[in-house]
Amino acid sequence: MQRSTWPQSLPQVIHFKRQQLKAEDILRQSFTISSNQQGRRPSEDVPIYAAPRHYQREAQRSEVVKEDMGSQDVKVVNFWASPFGKRVEWALKLKGVEYEYVEEDIFNKSNLLLELNPVHKKVPVLIHAQKPIAESFIILEYIDETWKQYPLLPQHPYERAHARFWANVGEQKLLEAAWVAMCISGDEKENALKVAREAIEKIEEEIKGKKFFGGDNIGYLDIALGWISYWLPIWEEVGSTQIIDPLKCSAITAWITNFLSHPAIKDTLPPRDKMLDYFHSRRKALSSTFQGRFKV
């Protein structure tokens, strides 16, 4: 029996379609059906080549799969005081995605967490379509790609890379230094504060002249740096430090006000007095852990 040349898989179908499109470009000008003959507007011309039905079915099936993926149940596994998990909640709320919150005891980790995130064994974890996604920055990008409403990342590749760069600066330079400065004392504390203040000054330059890092609306970078608005002032109070000087960081101070006043943000924040009690206890427990991290 002669072997069929009809494409049997989606990649073959796509290749087949590309070959048709090349032929169509050549024939389009001289072999088009008059739009008047098809009952269409005079400005519309219909090529004689149409997509194969098999290809059309595959494309329709792909769209259905995307819709089903977006409508699956969503769960967020997090610890109430974690700024990283709040990023996930903020993103979902901004996009209008309903989710179930699952509280995790990070000091007595559940089997669920260990199964969902066996590598890092940390929160947050997003569960979507019964599949777990770990690490807050990765989750943010997954959310942005899965639910297209209210885009978080900019459209231009350079601007997307720029947002990711500053998100990493906030994580690697500011967050770690601010956390250590809260927990320790002495010369190492001063060195950690120096690193944190230098980072916040750079971020101040980035936000100048803007309402949000994302422009007029909260975007990816606002969510990534959102902990600065609420967690950082609490860490400053617990550690008896000052990282954000309102006189030097007027743009960040204004951004904090704008950010915290947004309904998607303010409605998810933990009680401040509870946060103070928790981080005071963490400072006491971790005071010796970070010694030597920021040697002068």
For the residue pair H120 and E135, establish whether any side-chain heavy-atom pair is separated by less than 4.5 Å.
-> yes
To the nearest 0.5 Å, tell me how far F165 CZ sits from L221 CG.
-> 11.0 Å
K95 (side chain) donor-acceptor with Y150 (main chain) under 3.5 angstrom = yes
Got a second to check how far K189's NZ is from M182's CE, nearest 0.5 Å?
-> 8.5 Å
Polar side-chain atom of D222 near backbone of F212 as donor-acceptor pair, under 3.5 Å | no
Is there a side-chain contact between L260 and L269, using heavy atoms and a 4.5 Å cut-off?
-> yes
Is the shortest side-chain N to carboxylate O distance from K86 to E89 below 4.0 Å?
-> yes
Does the side chain to side chain contact (heavy atoms under 4.5 Å, CB included) test come out yes or no for I228 and I200, once each step is laid out?
-> CA-CA 9 Å; I228 295 174; I200 205 72; 4.3 Å; yes
Please examine the side chains of S110 and E115, heavy atoms only from C-beta on, and report whether any two atoms are closer than 4.5 Å.
-> no
Checking salt bridge (charged side-chain N to carboxylate O under 4.0 Å, His left out) for the pair E205/K202: CA distance, chi angles, key distance, verdict?
-> CA-CA 5 Å; E205 293 300 316; K202 299 294 185 183; over 6 Å; no
Does a sphere of radius 6.0 Å around NZ in K109 hold more than 12 heavy atoms from other residues, nucleotides or ligands, not counting ones at 6.0 Å or beyond?
-> yes
Check step by step if side chain to side chain contact (heavy atoms under 4.5 Å, CB included) holds for V97 and I143.
-> CA-CA 10 Å; V97 178; I143 290 172; 5.8 Å; no
Between S287 and K284, what is the shortest heavy-atom contact and its length?
-> OG-O, 3.4 Å
Is the side chain of N191 donor-acceptor paired with the backbone N or O of D187 at a distance under 3.5 Å, no angle test?
-> no
Below 4.5 Å, heavy atoms only, C-beta onward: do F84 and E171 meet side chain to side chain?
-> yes
For the student: nearest non-hydrogen atoms of L140 and R87, plus distance = CD2-O, 3.5 Å
May I ask you to test the D144-E141 pair for a side-chain heavy-atom distance under 4.5 Å?
-> no
Please confirm whether the backbone N or O of H128 pairs with a side-chain atom of K131, one donor and one acceptor, at under 3.5 Å?
-> no
Verify the neighbour count for atom CG of D273: are there more than 12 heavy atoms of other residues, nucleotides or ligands below 6.0 Å?
-> yes
Could you check if a side-chain atom of L174 sits within less than 4.5 angstrom of a side-chain atom of I243, using non-hydrogen atoms only?
-> yes
State, yes or no, whether a side-chain contact exists between E176 and V195 at a heavy-atom distance under 4.5 Å.
-> no
Is it true that F107 and M275 fall in one hydrophobic cluster, defined by side-chain heavy atoms closer than 4.5 Å?
-> yes
Mind checking the CG-CD1 spacing from L116 to I133? Nearest 0.5 Å is all I need.
-> 10.0 Å
Can any side-chain N or O of T268 pair as donor or acceptor with the backbone N or O of I265 at less than 3.5 Å?
-> yes
Output for pair (L126 CG, N78 CG), nearest 0.5 Å, gives 11.0 Å
Any side-chain heavy atom of L94 sitting closer than 4.5 Å to one from N217?
-> no
Can you measure from CD1 (I203) to CZ (F213) and round to the nearest 0.5 angstrom?
-> 6.5 Å
Return yes when atom NZ of K122 has more than 12 non-hydrogen atoms of other residues, nucleotides or ligands closer than 6.0 Å, and no otherwise.
-> no
Answer yes or no: does atom NZ of K210 have more than 12 heavy-atom neighbours from other residues, nucleotides or ligands under 6.0 Å?
-> yes
Distance in Å, L92 CG paired with E98 CD, rounded so as to fall on 0.5 Å steps = 11.0 Å
Would you check, one step at a time, whether the test ring-ring contact (aromatic ring centres under 6.0 Å, His included) holds for W227 with W235?
-> CA-CA 11 Å; W227 66 273; W235 294 356; 5.6 Å; yes
Is E100 reaching over with its side chain to a backbone N or O of K75, donor-acceptor style, under 3.5 angstrom?
-> no
Exam field: side chain W255 to backbone S229, donor-acceptor pair closer than 3.5 Å | no
For Y230 and R272, indicate whether the former's side chain and the latter's backbone hold a donor-acceptor pair under 3.5 Å.
-> yes
For the residue pair A264 and W90, what are the closest heavy atoms and their distance?
-> O-CD1, 3.6 Å
Would you call the rings of W80 and Y278 parallel, tilted or perpendicular if under 30° counts as parallel and over 60° as perpendicular?
-> perpendicular
